[in-house]
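First the structure, in the form of structure tokens, and then the observations on it.
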Amino acid sequence: MLIKKSLKNLMLVFLVIIYSCERDQPVFGENGMVVSTSSQASQVGIDIMKAGGNAIDATAAVGFALAVTSSSNGNIGGGGFMTVKLENGNSFTLDYREMAPKAASRNMYLDRDGNVIKGKSRYTHFAAGVPGSVDGLLKAWRDYGSGNISREQLLDPAINLAENGFKLSKYEAERFNKNKDRLSKHPETKKIFTRDDRKWKEGDLFVQKDLANTLKRISKNGRDGFYKGETADLIVKEMESVGGWINYNDLDNYVSKYRDPVKGSFMGYDILSMGPPSSGGLLVIHMLNMLEKVVEQKGSEFDLSYNSVDYIHTLTELERRAYADRTEHMGDSDFWNVPQSMFLSRDYAKNRLQDIDFNKATSSKSVDHGNPYASQSEETTHYSIVDKKGNAVSVTTTINAGYGNGITVTGAGFILNNEMDDFSSKPGEPNMFGLLGNEANAIEPMKRPLSSMTPTIVLKDDAPFLILGSPGGSTIITTVMQNILNVILHDMNIKDAVSSPRVHSQWLPDMIFHEKNGLKNSTVYKLKKMGHDIRMRSSIGEANGIMINEKGFWGGADSRGENTAIGY
Ligand code: GLY
């Protein structure tokens with residue numbers, strides 16, 4: 001009896017070990033791969049590809065599905081960026097970032113004394129920019145979809161999930177419970193996302209009838225199902241409760257834009273990423289240019305192994321300089337002349353290295369922004385998709401903070417973004433990610449707030465090799481950079497690359513942040529001795545990546561949070 005019981009226990013331990021090992025491995029697919037924060041949404045993308053759609057069709061369908069299954073960040077009330085490499089070799093990015101409404105003005109978040117009114121750019125109706133997701137997702141599908149998937153087919157899975165409900169995972173149930181206070185502030189949000197009788201629990205059926213009806217209007221009327229007609233009426237009515245903010249013209253005038261990707265290279269690999277109004281692509285390329293120079297200059301005398309003292313010190317010094325430049329020079333390039341060639345220049349990268357002491361921390365106070373040459377929420381989500389023909393799509397999408405501004409459009413069932421907080425409310429005043437901004441990112445009507453979202457594709461011999469991105473506000477940029485380095489410099493597989501502990505720094509605050517188990521005690525001690533201030537913090541980013549090699553597609557879902565890679 002005792003032996004039988006011991007054998008049973010042993011078997012159980014064995015199964016748990018096998019399961020954990022499998023969970024720690026990349027997921028393989030020969031015909032396609034979707035990695036997103038929601039198992040239902042990843043499955044929707046796979047189903048669309050199985051039905052004859054390509055990666056762009058899948059991208060749009062996953063975007064709508066996430067709006068249902070991942071209420072804190074998946075969205076139709078927000079916006080995003082998409083970086084795409086097509087099977088024919090062409091590439092593009094699509095900017096469907098929110099735009100400031102016409103009523104926006106530079107000092108709108110300041111009181112009469114010029115002080116920032118606490119919370120106004122974050123938790124009020126005035127925090128919302130005009131949403132761009134519906135316009136962007138439908139535009140990409142219309143222009144680059146396979147032609148095999150109708151608009152109704154794109155929207156059907158999302159409608160079904162909203163109308164008939166889906167079972168909450170433990171993670172989603174806990175996230176609702178953890179945010180109950182915040183979700184209870186607006187009556188419509190409270191009605192949908194909280195329960196009076198008890199806490200949410202795993203397995204509860206979560207039904208969203210109003211959201212289903214909004215999605216049906218989009219399915220029937222396309223863009224007009226959101227920016228005109230009943231949905232527009234509901235948004236404008238919601239805004240009238242505060243005397244108006246987003247109006248019919250703002251909705252009608254919203255436009256997503258194709259933009260050229262920013263391009264760089266690192267150790268023989270090419271990098272395609274998102275340019276302004278994102279700061280991410282330019283900063284990642286600029287920092288990798290600097291790092292490549294360091295490798296050239298320092299060679300083998302330097303220990304650049306994963307999370308070594310030299311490595312963390314070097315990254316921190318690069319980040320300090322790059323984020324100082326972000327503050328001064330970056331904003332929406334439709335409104336501000338962002339010195340892109342400066343950020344992409346290898347000479348500039350080399351010059352920026354000159355005052356780095358490789359044995360001692362520089363104080364951020366002594367680091368100013370560089371000058372261009374004369375010619376010149378923490379809650380976001382990322383998904384990566386590739387199809388069997390090799391079309392590769394990298395999408396980061398956001399409503400900024402978790403659950404955006406917390407305000408659900410009454411009758412329409414979706415939460416609005418609080419992206420206006422990504423503008424600089426006032427020079428020297430940090431936004432919710434501690435990021436500063438100046439003139440370049442000042443508020444103007446119809447302008448897009450500066451973002452850190454960095455949907456990226458790394459190419460090997462001009463073909464997609466890595467598809468990467470992450471949520472995490474200001475930490476997105478350093479997360480994407482570390483993911484690239486984890487693969488190219490540290491030889492990790494994609495699962496390890498996205499899941500390994502990360503560090504982050506950003507000029508100001510003058511501090512290195514690291515995750516639990518991210519740095520050895522001896523490394524922390526040595527970095528402190530070099531003059532760095534170091535603090536442990538909660539998780540940094542949630543990256544979802546795909547690696548592509550001659551065998552097929554390898555999905556890496558970040559072990560932080562609840563991410564799912566599905567291949568077929
Ligand atoms: N809302 C975060 C970002 O766009 O950077």
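Below, all heavy atoms of this structure are taken into account, side chains as well, without hydrogens, waters or symmetry copies. When a ligand or atom number is given, it counts from 1 through the structure's own listing order.
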> In terms of atom number and element, which parts of ligand 1 are under 4.0 angstrom from non-hydrogen atoms of Ser452?
Replying inline: 3 (C), 4 (O), 5 (O)
> Looking at Met453, which atoms of ligand 1 are within less than 4.0 Å of one of its heavy atoms?
Replying inline: 4 (O), 5 (O)
> Which atoms form the tightest heavy-atom contact between Lys190 and Ser184, and what is the distance?
Replying inline: CD-O, 3.6 Å
> Given His382 and Thr396, is the side chain to side chain donor-acceptor pair (under 3.5 Å) satisfied, shown in steps?
Replying inline: CA-CA 4 Å; His382 179 85; Thr396 316; 2.8 Å; yes
> With distance as the sole test, does Ser384 use its side chain to make a donor-acceptor pair with the main-chain N or O of Asn544 at under 3.5 Å?
Replying inline: yes
> Can you name the one residue among His329, Met342, Gln340 that meets side chain to side chain contact (heavy atoms under 4.5 Å, CB included) with Leu282?
Replying inline: Gln340
>> Checking contacts here: is it the side chain or the backbone of Arg97 that comes within 4.0 Å of ligand 1, counting heavy atoms only? Could be both or neither.
In response: side chain
